[in-house]
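Take a look at the structure set out below.
We name chains A, B, ... by the order of the sequence lines, and we start the count at 1 in each one. Basis for what follows: all heavy atoms, side chains included, without hydrogens, waters or symmetry-related copies.
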Amino acid sequence: MPRRGNTRVAELLRGLNEEQRAAVEAPIGPVLVLAGAGSGKTRVITHRIAYLIARYGVRPWNILAVTFTNKAAKEMKSRLEALLGQDVQPLNVGTFHSIFARLLRKEAYRFGYSQNFVIYDSDDQLQVVKKILNRLSLGQNSYPPQMVHALISRAKNNLVTPEQYKAQARDEFEANIARVYQEYNGFLKSSDAMDFDDLITLPVYLFREYPDVLEKYQNYFQHILIDEFQDTNVAQNELVLLLGSRHRSVFVVGDDDQSIYRWRGAEVRNILEFENAFPECQVFRLEKNYRSTRLILDAAHSVVKNNRHRKEKKLWTDREGGEPLTLIEAFDETDEAQQVVYLIQQEIKKHKRNFRDFVILYRTNAQSRAIEDALRRNGISYVIVGGIRFYERKEIKDFLAYLRVIANPLDEVSLLRIINVPPRGVGPATIRKLQEYASQKQTGLVEAMAAADEIPGIQSATRNNLKDLAGLLKKYRSLRDKIGLNELVRVLNEELGLSRMYRNEGTLESLSRAENIEELLAAIAEFCRNHEEATLESFLQEVALVTDIDNWNDTSNAVTLMTLHSAKGLEFPVVFITGMEEGLFPLSRSYQDPMDFEEERRLFYVGLTRAKEKVYLSWAQTRRRYADGFNNTLSTFVREIDERYIEPWSRESGYSTMRRRRPVRQKEEVEFEPMPEYENESQEKQLYIGCYVRHQVFGRGVVTEISGQGTGAKVKVLFEDGSEKKLVLEYARLEIL
DNA sequence: GAGCCACCCGTTTTT
DNA sequence: CGGGTGGCTC
């Protein structure tokens, strides 16, 4: 056994606590690490990798480490470099999506894909669904595209093929979904395109169909490490099992309390079943928290312990005490934002904090607007993560669509996007003629454009434009091998004149579009600087899989704004969680399914445990939703926090935010009234079909159906606004009238 | 084919 | 409220 670098081994174990060290030093084999928030999860994975290399002489390229974001992957690599003092580029570190996209570039030819397949983003995917629905004449009323798309995505994540979907279909609707699913896949394939789910599922099918390929990768990825294992879905789990079954060196780390992606197919069950899949597996627990004060941990625990579906565990810390949480009550979202800003300023004054010490979290992206306004008004610099992504802006997608068609002429969605941008006199009628011609001649749209002269019924100016566009695409296609990516995009931008066009338009909006395109060019230049062998294809792949959080730069001194989901894995000295209102957080849709409701609660838990020193919670009595206001009550989750850990904040005298819209109630009364009376009453009063009830969010209604018993009991209620909702009795807090 | 207007719909959360 | 779509007119 190679014994090189014993001192190095000792060195890298130093600084780990006993629990962490045990996991890192576990003999090679399947390992399950159940790690609480802030217990040093990522640290354990990083050190385990270093340990495999230093202690066993494992070659870096035989290691596969899956992180949740590209940013985490980058950080892991740089930490490893410091730890090992050697080049770690050969390591396979990345997200599931980026790692298997790379693998598919080499292997997907077996399924008829080229090396240059494109990756369709959600918007592209939706376009395809709409197109298919149209083709099959399925009305968008009974078949809402987003819903159909979600069903297809869920099927893919669960490794259900179109054929299986069809076989399992129980009614016409499902049978039709199966048809759409099938055609959707066909369309993607003929466009040489994959969606996000394909990047995971195709490797599974590849490994199942080609045992020799599986074996090749089993021997390549000999040691597998997965972070955030609680958020893997069925297909991802299958990949891990397939690849790991040979060498059985599979090291997974997760926390069931932090599972927040059930809605996109994640299965906490994967953690529990890991021990079945690998019976010889060793289990370790990390329960010491290094991040938060004792008080924050206790408060967070008093919330999450209300979940039925969790493994009981309690984090501990030697950071005793800490400041209590502060509850902010606001009139509306503007006032809420104003108070948050005021408190940030106070924190800076009193505790000498910097902007970068703060994060403001919210449940939905739409909430960011009011907060942004307040920050801007007060001259506080901020960065916002998520929301409308840079690469999803119209002008950026247009420019990228050109690049995508140049890389892959079969990419029909992208071609149709740019065929009339800038305007070329090409409308739906011309497109239809082109498509007819293409399918007649068994050729692509680009060829059809080049042959526009042969197609009757097209304006001659349009004809010339089409031929020009086909020529342009062809020209750049051959140019891409001759000049660098950076030059290519610059020349293309000159020739197309997109940024020039926007700049000349002169409106504020078009100016910002021009600037965005220029920013894209700068991003490409940067990409070329960082990647020596940068190609058009490699850039497009990078763009398809980056997320906002990957570009989030924590060195700039600014307050960070993001959703609770995006905050996973991060930490901040001071955390604000805004919009703590019934119906917003927890979101009202979650009342209908206890599993959804518990996921909301875990999301809150994730939010609380981001904080190192201080947590502020805020809620607004009214909040503008769409056009009109909305009356709120304080979130259940806030009321679940033990009273000992939280106190209300009242505006200091002399501090006036804005005109009071309505009289303020006594704060203490509002926040700390005991659980409402009717909660207990509902246990006693009999619920029956036809009886009148009141719901905190939906208002008055009549019970139309009761099903199930005990904790699973559900009621169907027809509300006054005409909507009918199925609610879980336990969470619905129905007042019986 | 393009541009303008009226309405409609929506909000989870993301790779 | 704001973006997107579909229908209408030129």
Side-chain angles (χ1 to χ4, degrees), chain A residues 66-73 94-101 119-123 125-127 130 140-141 144-147 150 153 156-157 194-201 228 231-233 235-236 259-266 333 361-370 385-389 391-394 419-432 457-459 461-462 465 509 541-550 562-568 579 583-590 596 599-600 602-604 606-607 623-630:
Chain A
V66 180
T67 57
F68 202 70
T69 61
N70 295 302
K71 181 168 182 277
T95 61
F96 272 106
H97 293 269
S98 65
I99 283 170
F100 288 96
I119 299 167
Y120 276 179
D121 67 18
S122 343
D123 182 58
Q125 294 165 28
L126 206 60
Q127 297 305 318
K130 282 182 188 164
Q140 302 210 348
N141 294 326
Q146 313 94 299
M147 183 205 197
S153 174
K156 285 196 181 187
N157 284 323
M194 294 188 194
D195 63 19
F196 293 130
D197 304 321
D198 289 333
L199 299 178
I200 312 296
T201 57
E228 309 279 12
D231 282 324
T232 53
N233 62 34
Q236 290 166 334
S259 155
I260 54 174
Y261 285 97
R262 201 181 87 94
W263 53 274
R264 68 171 199 209
E333 72 275 6
L361 302 176
Y362 35 78
R363 179 66 244 263
T364 65
N365 281 306
Q367 287 165 253
S368 71
R369 200 188 198 94
V385 177
I388 329 115
R389 283 181 201 68
Y391 290 107
E392 283 169 9
R393 287 164 206 256
K394 244 187 293 263
I419 201 163
N420 203 31
V421 178
R424 297 189 174 90
V426 182
T430 308
I431 290 172
R432 204 174 334 109
I458 297 180
Q459 300 272 320
T462 306
N465 287 339
E509 194 199 347
Q541 159 147 342
E542 163 105 355
V543 163
L545 298 178
V546 286
T547 65
D548 241 37
I549 197 90
D550 297 328
M562 62 174 103
T563 63
L564 286 136
H565 280 89
S566 302
K568 185 160 98 155
L584 180 60
F585 191 26
L587 223 45
S588 55
R589 305 166 75 120
S590 70
D596 285 346
E599 178 147 307
E600 295 283 311
R602 288 194 293 273
L603 191 56
F604 185 45
V606 167
R623 184 178 294 276
R624 240 162 241 298
R625 250 180 162 181
Y626 309 140
D628 36 32
F630 205 78

**Study point:** Side-chain N or O of A:Asn365 closer than 4.0 Å to phosphate OP1/OP2 of B:dT13
**Key:** yes

Check your understanding: Parallel, tilted or perpendicular for A:Phe96 and A:Phe100, by the 30°/60° rule?
Key -> parallel

Check your understanding: Counting distance only, does the side-chain N/O of A:Thr462 pair as donor-acceptor with the main-chain N or O of A:Gly425 below 3.5 Å?
Key -> yes

Exercise for review: With heavy atoms under 4.0 Å as the rule, sort A:Ser98 into base, sugar-phosphate or nothing.
Suggested key: nothing

Point to revise | Atom P, compared across B:dT13 and C:dG4: separation rounded to whole Å | key: 15 Å

Study note, to complete from the structure: In whole angstroms, the gap separating P of B:dT13 from CZ of A:Arg602 amounts to 18 Å

Review point. Below 4.0 angstrom, N of the basic side chain to O of the carboxylate: do A:Arg369 and A:Glu333 qualify?
Key: no

Exercise for review: Please state whether the phosphate of C:dG4, meaning OP1 or OP2, lies under 4.0 angstrom from any side-chain nitrogen or oxygen of A:Lys394.
Suggested key: yes

Check your understanding: Could you give the CG-to-P distance, from A:Asp231 to B:dT13, as a whole number of Å?
Key -> 17 Å

Review point. For the side chain of A:Ala429, counting heavy atoms from C-beta on, which of B:dT15, B:dT13, B:dG1 is nearest?
Key: B:dG1

Check your understanding: What integer distance in Å separates A:Lys71:NZ from B:dT15:P?
Key -> 13 Å

Review point. Do the side-chain N and O atoms of A:Ser122 and A:Gln125 include a donor-acceptor pair separated by under 3.5 angstrom?
Key: no

Study note, to complete from the structure: Checking B:dT15, B:dT13, C:dG2 against the side chain of A:Arg264 (C-beta onward), the nearest is B:dT15

Review point. With a non-hydrogen cut-off below 4.0 angstrom, is A:Asp121 in contact with a base, only sugar-phosphate, or nothing?
Key: nothing

**Study point:** Nearest-angstrom distance from the residue atom CD of A:Glu542 to P of B:dT15
**Key:** 13 Å

Study note, to complete from the structure: Per nearest nucleotide of DNA chain B, the residue lying toward the 5' end, A:Ile431 or A:Leu587, is A:Ile431

Could you list, one pair per line, each protein nitrogen or oxygen that sits under 3.5 Å from a nitrogen or oxygen of nucleotides 5-10 of chain C, together with the distance?
none

Exercise for review: Measure the OH-CG distance between A:Tyr261 and A:Leu603 for me, rounded to the nearest 0.5 Å.
Suggested key: 8.5 Å

Check your understanding: salt bridge (charged side-chain N to carboxylate O under 4.0 Å, His left out) with A:Glu599: which residues, sequence neighbours excluded?
Key -> A:Arg602

Practice item. Side-chain contact test, heavy atoms from C-beta onward, threshold under 4.5 Å: evaluate it for A:Tyr391 versus A:Asp121 and give yes or no. Key: no

Review point. Can you check the A:Leu126 CG to B:dG10 P distance for me, whole Å?
Key: 13 Å

Review point. So, does the side chain of A:Arg363 form a donor-acceptor pair with the base of B:dT13 at under 3.5 Å?
Key: yes

Practice item. Provide, to the nearest angstrom, the distance between the CE atom belonging to A:Met562 and the P atom belonging to B:dT14. Key: 11 Å

Check your understanding: Which part of the nucleic acid, if any, lies within contact of A:Ala544, taking any heavy atom under 4.0 Å across all strands shown: a base, the sugar-phosphate backbone alone, or nothing?
Key -> nothing

Review point. Checking all strands, does A:Asn420 fall into the base, sugar-phosphate, or nothing category for heavy-atom contacts under 4.0 angstrom?
Key: sugar-phosphate

Check your understanding: Are any of A:Thr69's side-chain N or O atoms less than 4.0 Å away from OP1 or OP2 of B:dT15?
Key -> no

Practice item. Tell me what A:Ser566 touches on the nucleic acid: a base, only sugar-phosphate, or nothing, going by heavy atoms under 4.0 Å. Key: sugar-phosphate

Exercise for review: Determine yes or no for a side-chain-to-main-chain donor-acceptor pair under 3.5 angstrom, with A:His97 supplying the side chain and A:Leu199 the backbone.
Suggested key: no

Study note, to complete from the structure: To the nearest angstrom, the OH-P distance between A:Tyr391 and B:dT15 comes to 14 Å

**Study point:** Among B:dT13, C:dG2, B:dT15, the one nearest A:Arg369 by side-chain distance
**Key:** C:dG2

Check your understanding: To the nearest Å, how far apart are A:Met147 CE and B:dC9 C1'?
Key -> 16 Å

**Study point:** Listed nucleotide nearest any side-chain atom of A:Pro423, set B:dG1, B:dA2, B:dT14
**Key:** B:dA2

Check your understanding: Is the ring of A:Trp263 stacked on the base of B:dT13, with centres less than 5.5 Å apart and planes under 30° off?
Key -> yes

Practice item. For the side chain of A:Ser122, starting at C-beta, report the closest nucleotide among B:dT13, B:dG1, B:dT15. Key: B:dT15

Review point. Do A:Arg262 and A:Asp596 meet the salt-bridge criterion of a basic N to acidic O distance under 4.0 Å?
Key: yes

Practice item. Give the nucleotide from the list B:dT13, B:dT12, B:dT15 with an atom nearest to the side chain of A:Thr563. Key: B:dT13

Check your understanding: What does A:Gln125 touch in the nucleic acid at a heavy-atom separation under 4.0 angstrom: a base, only the sugar-phosphate, or nothing?
Key -> nothing

